[in-house]
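Here's the structure, in structure tokens; my notes come after.
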Amino acid sequence: MSGRQTVEASLDIITGILTIQSHDVYALIDPGSTLSYVTPFVAMGFGIESDQLHEPFLVSTLVGESITTARVYRGCVVTIRGRDTAADLIELGMVDFDVIMGMDWLYSCFAKLDYRTRTIRLEFPNEPVI
């Protein structure tokens, strides 16, 4: 089983298609990740420049490796059912997913995750639930 198949078979994660910078991307929604990430290949199509992080840092992967990351794409537009949100996406070399959306983005979207049904509810104040 590949890394992607192992993750998708797990009962405690959610995967799906998100639209980021007008591009459909395959996403892992990972509340166990503090930050959100994007592959360099996908980020090239966003049409925005990355910024150098003040301090590069190591990211531990699902297979136990550590990868140094040093660039971030700030203010990426994440569109869900016609509602725009924003995310800072840190560049990370990965092959199984285009993006990993972590707690930073979930928090900003007032997200509620339902692991049983593998769904996410975005409950922005004074707006219909997405």
Side-chain angles (χ1 to χ4, degrees):
M1 198 180 277
S2 76
R4 180 173 171 171
Q5 290 170 326
T6 301
V7 169
E8 287 176 339
S10 174
L11 296 177
D12 60 350
I13 61 99
I14 299 171
T15 61
I17 303 297
L18 292 177
T19 302
I20 301 179
Q21 294 293 120
S22 301
H23 292 77
D24 289 342
V25 298
Y26 188 61
L28 167 64
I29 309 300
D30 185 1
S33 177
T34 304
L35 302 172
S36 299
Y37 302 92
V38 63
T39 65
F41 177 75
V42 169
M44 285 188 319
F46 287 172
I48 58 176
E49 293 292 321
S50 64
D51 293 332
Q52 186 77 27
L53 292 170
H54 295 291
E55 291 287 328
F57 61 93
L58 288 175
V59 176
S60 298
T61 68
L62 295 171
V63 293
E65 297 175 350
S66 291
I67 301 172
T68 300
T69 185
R71 305 208 61 80
V72 61
Y73 295 85
R74 298 195 189 279
C76 296
V77 177
V78 182
T79 306
I80 300 176
R81 294 198 178 163
R83 203 314 183 158
D84 288 345
T85 67
D88 291 342
L89 301 175
I90 297 169
E91 189 176 276
L92 182 67
M94 54 187 160
V95 294
D96 292 324
F97 297 95
D98 297 329
V99 296
I100 297 173
M101 303 306 287
M103 283 300 293
D104 58 339
W105 178 74
L106 292 167
Y107 176 82
S108 73
C109 293
F110 300 86
K112 291 187 179 178
L113 282 69
D114 184 337
Y115 288 104
R116 181 173 284 296
T117 61
R118 291 186 179 195
T119 58
I120 301 170
R121 294 171 53 95
L122 304 183
E123 299 184 0
F124 295 97
N126 305 315
E127 293 185 28
V129 173
I130 299 174

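Within the structure, the salt bridge (Lys or Arg N to Asp or Glu O under 4.0 Å) test picks out the following pairs touching residues 36-54 (sequence neighbours left out): Asp51-Arg74.
Taking both residues in full, the closest heavy atoms of Gly32 and Asp30 are given as N-OD1, 2.8 Å, listed atom of the first, atom of the second, then distance. Looking at every heavy atom in both residues, Met101 comes nearest to Val78 through CE-CG2, 4.1 Å. Residues Trp105 and Ser36 come closest through the heavy atom pair CB-OG, 3.8 Å. Summarising the geometry of Leu53 relative to Phe57, their closest heavy-atom pair is CD1-CE2, 3.6 Å, with the distance given to 0.1 Å. In plain terms, the two heavy atoms of Phe97 and Ala27 that are nearest each other are CD2-C, 4.0 Å.
Ser108 meets the side chain to side chain donor-acceptor pair (under 3.5 Å) test with no other residue; sequence neighbours excluded. Partners of Glu91 under the side-chain contact (heavy atoms from CB on, under 4.5 Å) rule, at least two apart in sequence or in another chain, are Pro40, Arg71, Tyr73. For Ser66, the side chain to side chain donor-acceptor pair (under 3.5 Å) criterion is met by no residue, not counting sequence neighbours. In this structure Asp88 satisfies the side chain to side chain donor-acceptor pair (under 3.5 Å) test with no other residue, sequence neighbours excluded.
Considering only heavy atoms from C-beta on, Leu89 comes within 4.5 Å of Ile20 through its side chain. Taking the side chain as every heavy atom from C-beta outward, Leu18 and Asp98 never approach each other to under 4.5 Å.
A distance of 7.5 Å separates CG of Asp104 from CD1 of Ile90, quoted to the nearest 0.5 Å. One finds the CG atom of Leu28 at 7.5 Å from the OG1 atom of Thr15 (value rounded to the nearest 0.5 Å). Atom CZ in Arg81 sits 12.0 Å away from atom OG1 in Thr19 (nearest 0.5 Å).
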Let me have the donor-acceptor pairs involving side chains of residues 120-130, under 3.5 Å, with sequence neighbours excluded, atom names and distances please.
unit_1: Arg121; atom_1: NE; unit_2: Glu123; atom_2: OE2; d: 2.9
unit_1: Arg121; atom_1: NH2; unit_2: Glu123; atom_2: OE2; d: 3.3
unit_1: Glu123; atom_1: OE1; unit_2: Lys112; atom_2: NZ; d: 3.1
unit_1: Glu127; atom_1: OE1; unit_2: Arg83; atom_2: NE; d: 3.0
unit_1: Glu127; atom_1: OE1; unit_2: Arg83; atom_2: NH2; d: 3.4
unit_1: Glu127; atom_1: OE2; unit_2: Arg83; atom_2: NH2; d: 2.8

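Ile67 and Tyr37 end up in the same hydrophobic cluster when Ile, Leu, Val, Met, Phe, Trp and Tyr side chains are linked at under 4.5 Å. Linking Ile, Leu, Val, Met, Phe, Trp and Tyr whenever their side-chain heavy atoms come within less than 4.5 Å leaves Ile29 and Tyr107 in two separate clusters. Val38 and Ile80 fall within a single hydrophobic cluster, where Ile, Leu, Val, Met, Phe, Trp and Tyr side chains are chained together by heavy-atom contacts under 4.5 Å. Transitive grouping of hydrophobic side chains (ILVMFWY, heavy atoms separated by less than 4.5 Å) brings Val25 and Ile48 into a common cluster.
Remark: of the listed residues Asp84, Thr85, Asp24, Asp84 is the sole one forming a side-chain hydrogen bond (donor to acceptor under 3.5 Å, both in side chains) with Thr79.
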